Amino acid sequence: MVGYDKEKETNILKSGLAGVFGGQITRALVCPIDVVKIRFQLQPGTVRSELKYNGLIQAVKTIWKEESIYGFYKGHIPAQLLSMVYGGVQFASFEYITKAANDFIPHSKDDHSVRSVVHFGCGCLSGAICTLTSQPFDVVRTRFAAQKEPKQYRTVTSAIKGMYVGEGLSSFFKGLTPALSQIIPYSGFTFCFNSLLQGLWRECSFNEGPVSHTICGGGAGLMSKCIVYPMDVVKKRLQVQGFSEATISEVVTYNGFRDCISTIKKQEGVRGFYKGLHVAAIKSTCTSALIFLTYECISDYIR
């Protein structure tokens, strides 16, 4: 079970390793969905006929036609690095923080309400830690997924050098404010909802196992993503600032976090903050289900 449990031994290193392998496996399976989601998030405008991607099926066909199957795996290497670092740090820190929290608020896995609240707070802290650690990988991954042909960046090394020389060290942390605004509550809600759903699962006298991890994890990811999704759109828009010549979609220039929010609201309306939500909902449900499933299975195996 994710989180501290006095009935099991807590090993931070093993939790981190399980998170790394879980993130690696999950990323390999959901990368195509993530690329499509990013394409939707980055395109400005509201008129359907003017949008390059205006539907899930149409977007998949367009990417396949223009970029072949490789288009769905643009940025896969930095995305893998992102997922491995993010997954490892997230689960290791969450196990450590929940263990420390239990000293202040003692609870068992059957105290559903208390455990869910504790997991929300611990998940928020864990989300902040892993976001600060993995943000550079996220920026590089977004740029790879957004770039058009011919590519400006051919390798991760060339991307890192190009960004550092052309835009400075701060380029690796573009979109950090909306990233923290999104990930902190998203991580908190995900662990909270997963804990709550797992508790309800046990109350229904169902056995815990791969099915429960998949269903509860997927449900937690879906609900959490719907709550924080607008910040994900803002984050992606800011991450490609200074990269406009090489992206498939037009890049609107924003003067920071607040200007990005006000500009999207003014030019695209509230719906602008939910571009690609249908794809993101599929991606988050699959990602969360897979990460909890693989984490539980791997952590059980290596304990």
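Please read all numbers here as calculations on a predicted model, not as lab measurements. We use all heavy atoms of the structure for the numbers below, so side chains are in, but hydrogens, waters and symmetry mates are not. Quick note: residue numbers are just sequence positions, from 1.
- Within the 4.5 Å cutoff, the side chain of Ile261 has heavy atoms near those of the Met231 side chain.
- Looking at Ser284, its side chain never comes within 3.5 Å of a backbone N or O of Ala281 through a donor-acceptor pair.
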Please assess Asp34 against Arg27 for the test side chain to side chain contact (heavy atoms under 4.5 Å, CB included), listing each intermediate value before the final yes or no.
CA-CA 9 Å; Asp34 198 33; Arg27 174 59 60 181; 2.8 Å; yes
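- At least one side-chain heavy atom of Met163 sits under 4.5 Å from a side-chain heavy atom of Arg143.
- Atom OH of Tyr73 sits about 6.5 Å away from atom SG of Cys31, to the nearest 0.5 Å.
- For Phe191 and Phe94, the gap between ring centers is short of 6.0 Å.
- Taking 4.0 Å as the cut-off between side-chain N and carboxylate O, Lys14 and Glu95 do not count as a salt-bridged pair.
- Annotation: the span from Ser126 atom OG to Tyr96 atom OH amounts to 13.0 Å, rounded to 0.5 Å.
- There is a path of hydrophobic side-chain contacts, each under 4.5 Å, that joins Ile33 to Val60.
- Taking 4.5 Å as the limit, every side-chain heavy atom of Cys286 sits out of range of all side-chain heavy atoms of Leu29.
- With hydrogens and angles disregarded, no donor-acceptor distance shorter than 3.5 Å links the side chain of Thr142 to the backbone of Gln239.
- Across all non-hydrogen atoms, the minimal contact from Ala18 to Ile298 is CA-CG2, 3.8 Å.
- Taking the side chain as every heavy atom from C-beta outward, Arg141 and Ile77 never approach each other to under 4.5 Å.
- Scanning both residues, Lys37 and Gly276, for their nearest heavy atoms gives CG-O, 4.1 Å.
- When the side chains of ILVMFWY residues are joined at heavy-atom separations under 4.5 Å, either directly or via intervening members, Leu277 and Val35 end up in two distinct hydrophobic clusters.
- Formation of a donor-acceptor pair under 3.5 Å by the Gln241 side chain with backbone atoms of Tyr254 is found in this model.
- Looking at every heavy atom in both residues, Cys260 comes nearest to Arg237 through SG-CB, 4.0 Å.
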Taking it one step at a time, do Leu222 and Ser288 satisfy side chain to side chain contact (heavy atoms under 4.5 Å, CB included)?
CA-CA 8 Å; Leu222 174 61; Ser288 191; over 6 Å; no
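- Taking the centre of each ring, Phe193 and His119 stay at or above the 6.0 Å mark.
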Go through it in stages, so that I can follow the logic: the residues are Ile97 and Ile129, the test is side chain to side chain contact (heavy atoms under 4.5 Å, CB included), and I'd like the CA-CA distance, side-chain angles, deciding distance and then a yes or no.
CA-CA 11 Å; Ile97 296 170; Ile129 294 170; 4.1 Å; yes
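- Proximity of Arg154 to Phe144: side-chain heavy atoms (C-beta onward) are nowhere separated by under 4.5 Å.
- Asp103 contributes atom CG, which lies 10.5 Å from atom OG1 of Thr98 (distance to the nearest 0.5 angstrom).
- With values rounded to the nearest 0.5 angstrom, Ile63 atom CD1 is found 4.5 Å from Arg39 atom CZ.
- At least one donor-acceptor pair closer than 3.5 Å links the side chain of Ser83 to the backbone N or O of Ala79.
- Nearest heavy-atom pair, Val118 versus Ala101, reported as atom, atom and distance to 0.1 Å: CG1-CB, 3.9 Å.
- A cation-pi arrangement, defined by a distance under 6.0 Å to the six-membered ring centre and an angle within 45 degrees of its axis, is present between Lys225 and Tyr186.
- The residue from Cys124, Ser116, Cys122 that alone fulfils the side chain to side chain contact (heavy atoms under 4.5 Å, CB included) condition with Phe120 is Cys124.
- Between Glu208 atom CD and Gln198 atom CD the span is 5.5 Å, to the nearest 0.5 Å.
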Pair His213-Tyr295, ring pair (Phe, Tyr, Trp, His ring centres under 6.0 Å): steps then yes or no
CA-CA 9 Å; His213 302 325; Tyr295 174 80; 9.4 Å; no
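- Residue-environment remark: CD1 (Ile282) exceeds the threshold of 12 foreign heavy atoms within 6.0 Å.
- The backbone N or O of Phe292 lies less than 3.5 Å from no partner atom in the side chain of Glu296, so there is not a single donor-acceptor pair.
- Side-chain atoms of Gln135 never come within 3.5 Å of backbone atoms of Ala179 as a donor-acceptor pair (strictly under, hydrogens ignored).
- Between the Ser224 side chain and the Gly221 main chain, no donor and acceptor come within less than 3.5 Å of each other.
- Between Val139 and Phe172 the shortest side-chain heavy-atom distance does not fall below 4.5 Å.
- If you chain together hydrophobic residues whose side chains sit under 4.5 Å apart, Leu197 and Val117 never meet in one group.
- Side-chain heavy atoms closer than 4.5 Å link hydrophobic residues (I, L, V, M, F, W, Y) into clusters, and following such links, even through other members, never connects Val240 to Val233.
- No donor-acceptor pair under 3.5 Å is formed between the side chain of Ser171 and the backbone N or O of Glu167.
- At distances below 3.5 Å, at least one donor-acceptor pair connects side-chain atoms of Gln43 with backbone N or O atoms of Tyr53.
- Ion pair Glu67/Lys61 not flagged as a salt bridge, since none of the NZ, NE, NH1 or NH2 atoms sits closer than 4.0 Å to an Asp/Glu carboxylate oxygen.
- The heavy-atom pair separating Ile183 from Gly127 by the smallest distance is CG2-O, 3.5 Å.
- Distance check: Met84 CE to Thr26 OG1 gives 12.0 Å after rounding to the nearest 0.5 Å.
- In this structure, Ser134 contributes its side chain and Phe137 its backbone to no donor-acceptor pair below 3.5 Å.
- Residue Lys235 comes nearest to Gly175 through the heavy atom pair CG-O, 3.6 Å, listed as atom of the first residue, atom of the second, then distance.
- Side-chain contact check for Thr62 versus Lys65: every heavy-atom pair is 4.5 Å or farther apart.
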Could you walk me through whether Trp201 and Val211 satisfy the side chain to side chain contact (heavy atoms under 4.5 Å, CB included) test, starting with their C-alpha distance in whole Å, then the side-chain angles of each, then the deciding distance to 0.1 Å, before giving a yes or no?
CA-CA 10 Å; Trp201 185 275; Val211 175; 3.9 Å; yes
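- Under a hydrophobic-cluster definition in which Ile, Leu, Val, Met, Phe, Trp and Tyr are linked whenever side-chain heavy atoms come within less than 4.5 Å, directly or via other members, Ile184 and Leu176 are assigned to the same cluster.
- Between Asp138 and Lys236 there is a salt bridge, since at least one side-chain N of the basic residue sits less than 4.0 Å from a carboxylate O of the acidic one.
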